Number of protein chains: 2
Amino acid sequence: MKVSTKARYGFKFMIHLALNYNIKLVQIREVSVSEKISSKYLEQIAMSFKIAGLVKVTRGAKGGYTLSRTPKEITLLEIITAAEGNLVLTDCIESSDFCQKKDDCIMNKLWVDLNNHITDYLGSKTLQDIIS
Amino acid sequence: MKVSTKARYGFKFMIHLALNYNIKLVQIREVSVSEKISSKYLEQIAMSFKIAGLVKVTRGAKGGYTLSRTPKEITLLEIITAAEGNLVLTDCIESSDFCQKKDDCIMNKLWVDLNNHITDYLGSKTLQDIIS
DNA sequence: ATTATACTCTACTTAAACAATAGGAATTGT
DNA sequence: ACAATTCCTATTGTTTAAGTAGAGTATAAT
């Protein structure tokens, strides 16, 4: 049970975007240097945010990224999900045939509850909460 | 962010012990067969519960395991911690020199809060809750 | 005592996931 | 044209999880 570097780096990237929201476009290089993260790696992470629709991109010289919504409208759950896929503590949470006993598996409810706990928590916090 | 098989198998093992608490000793083989888990692997997991003081062991023929306390007195946090070590979502939670900026790292508080959220939840549930 | 049973200890192997690197293509401002 | 910047995708390296293996130790039953 660890948070991946993709999610951690991704948060740092999104925080930069939030701090510069409505001010300027943010470039990969800039975040890469200030956070000491490989720019090539960060590119991939930024890409997943783009795919998730969390950022808007301007290509070419003087291009860069900006949030596609206000910091208040972007939850931490959306960020972590974009970075590392759906939050699924155990496969039995979403795959119905993972555990033969699923319907009467005594543990299933616990995992589902815990998973909901975590997603509710992350879903209730926004980028705005983090930067202020 | 996944729960390891050690923890998942470990829970199943502990549930068997809870269901047989004050009834009989439970053997690795028995759980291994009924849950379709490698007995050698389960041995290792059972060992970590022993080290954590969660189970009592009787060696030799007719030996086996039983809980060292009542199911109500064993939290799920203790079980998962015994199985996969301390729950630490990010290294910056416990290692003070992991992030140079730790004191003013904007994310640290979030990880600590989320970690506490999860440990509080698991700490508030007991084996008894699961089996009843 | 001997034997069968069950836990103990430790080393090794395999497989999967994570993390990072690499390089060229496409786009845009000057 | 050229430099800056994102886009795409393939590959490599590293770490951890997962599982296997086997010899050793303790105990109950006979």
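All chains are named by letter (A, B, ...) in the order of the sequence lines, taking the proteins before the strands, and each is independently numbered beginning at 1. Note that this is a predicted model, so its numbers are computed, not measured.
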Student: Is the closest side-chain heavy-atom distance between B:Val88 and A:Met1 below 4.5 Å?
Tutor: no

Student: Check the distance between C:dA26's C1' and A:Lys62's NZ and give it to me in whole angstrom.
Tutor: 20 Å

Student: Just the rounded figure in Å: distance from C1' of C:dT8 to CD of B:Gln27.
Tutor: 16 Å

Student: What bend angle does the helix from C:dA1-D:dT30 to C:dT30-D:dA1 show across its length, from five-pair end axes and to the nearest 10 degrees?
Tutor: 10°

Student: In B/S/- notation, 5' to 3', how is nucleotides 11-16 of chain D contacted by protein heavy atoms closer than 4.0 Å?
Tutor: ------

Student: So, taking the atom named NE2 in A:His117 and the one named NE2 in B:His117, what distance separates them when rounded to the nearest 0.5 Å?
Tutor: 5.5 Å

Student: Closest approach to the side chain of B:Ile28, judged atom by atom: which nucleotide of C:dC7, D:dA28, D:dC8 is it?
Tutor: C:dC7

Student: Answer yes or no: is there a side-chain heavy-atom contact under 4.5 Å between A:Ser32 and A:Leu42?
Tutor: yes

Student: Should A:Arg8 and A:Glu35 count as an ion pair when the cut-off is N to O under 4.0 Å?
Tutor: no

Student: Write out all pairs satisfying salt bridge (Lys or Arg N to Asp or Glu O under 4.0 Å) with one or both partners inside residues 58-73 of chain B, taking only residues at least two apart or from two chains.
Tutor: B:Arg69-B:Glu78

Student: Looking at A:Lys50, does any N or O in its side chain come under 4.0 Å of the phosphate oxygens OP1/OP2 on D:dC7?
Tutor: yes

Student: In whole Å, I'd like the distance from the CD1 atom of A:Ile51 to the P atom of D:dT6.
Tutor: 15 Å

Student: Taking OH from B:Tyr65 and C1' from C:dT5, how many angstroms apart are they, rounded to a whole number?
Tutor: 13 Å

Student: Without decimals, in angstroms, what is the distance between A:Arg29 CZ and D:dA4 C1'?
Tutor: 9 Å

Student: Could you check how far CE of A:Met47 sits from P of D:dT6, rounded to whole Å?
Tutor: 9 Å

Student: Tell me, which pairs form a salt bridge (Lys or Arg N to Asp or Glu O under 4.0 Å) where one or both residues lie in residues 42-57 of chain B, sequence neighbours left out?
Tutor: B:Lys40-B:Glu43

Student: Would you mind reporting whether A:Ile130 and A:Leu76 have side-chain heavy atoms less than 4.5 Å apart?
Tutor: yes

Student: Figure out the CG/P separation between A:Asp91 and D:dA17, and round it to whole Å.
Tutor: 16 Å

Student: Under the salt bridge (Lys or Arg N to Asp or Glu O under 4.0 Å) definition, can you give me all pairs with a residue in residues 111-132 of chain B, not counting sequence neighbours?
Tutor: B:Lys109-B:Asp113

Student: Nearest nucleotide by nearest heavy atom, which residue falls closer to the 5' end of DNA chain C, B:Gly64 or A:Gly60?
Tutor: B:Gly64

Student: Could you pull out the closest heavy-atom pair between A:His16 and A:Ser34, with the gap in Å?
Tutor: CE1-OG, 3.1 Å

Student: I need a per-nucleotide contact map over nucleotides 10-25 of chain C, read 5' to 3'. Cutoff is protein heavy atoms under 4.0 Å; write B for the base, S for backbone only, - otherwise.
Tutor: -B-------SBBBBB-

Student: Assess the side chains of B:Thr5 and B:Tyr41: does a donor N or O sit below 3.5 Å from an acceptor N or O?
Tutor: yes

Student: Take the angle between the ring planes of A:Phe49 and A:Phe13 and call it parallel below 30°, perpendicular above 60°, tilted in between.
Tutor: parallel

